[in-house]
Amino acid sequence: MNHAKEKVKDAASAAKAKAKITQAKVAEKTEAATARSHDERELAHERGKAKVAAAEAELHQAKVTHREEAMEHRLHKRACTGHKHGAGH
């Protein structure tokens with residue numbers, strides 16, 4: 001069950017990241033189209049690359065957070081059950 005929750009959270013984060021990446025690319029193209037010089041176009045391209053990289057980094061950070069939450073849940077669940085493996089054998 002927890003694995004499914006983790007996958008759903010990852011999918012939601014991926015969708016958000018893809019939306020941000022698409023938004024950054026559209027903004028880059030718009031800025032490049034309105035640029036008056038070659039240098040301004042290059043600057044627009046660099047800004048776009050930076051925004052895409054930031055969105056990808058945010059996605060990876062969200063995935064790490066989801067993994068940490070899942071691990072904490074598993075550890076807490078295991079600690080609360082009080083199972084003693086090997087007892088009575």
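Throughout, residue positions are numbered sequentially from 1 according to the sequence presented.
Considering only residues two or more places apart in sequence or on other chains, E46 meets the salt bridge (charged side-chain N to carboxylate O under 4.0 Å, His left out) condition with K49. With sequence neighbours excluded, no residue forms a side-chain hydrogen bond (donor to acceptor under 3.5 Å, both in side chains) with E40. Evaluation of the salt bridge (charged side-chain N to carboxylate O under 4.0 Å, His left out) rule for K9 yields E69 as partners, not counting sequence neighbours. Checked against salt bridge (charged side-chain N to carboxylate O under 4.0 Å, His left out), R74 has the following partners two or more places apart in sequence or in another chain: E6.
Ion pairing between a basic and an acidic side chain is recognised when a charged N comes within 4.0 Å of a carboxylate O; D10 and K5 show no such pairing.
Applying the side chain to side chain donor-acceptor pair (under 3.5 Å) test to residues at least two apart or on different chains, the pairs with a partner in residues 26-35 are E28-H45, E31-R47. Residue pairs meeting the side chain to side chain donor-acceptor pair (under 3.5 Å) criterion with at least one member in residues 52-65, sequence neighbours excluded: K20-E58.
Here the closest heavy-atom approach between residue A62 and residue S13 is recorded as CB-OG, 3.6 Å. Between K51 and A24, the shortest heavy-atom distance links the atoms CB-CB, 3.5 Å.
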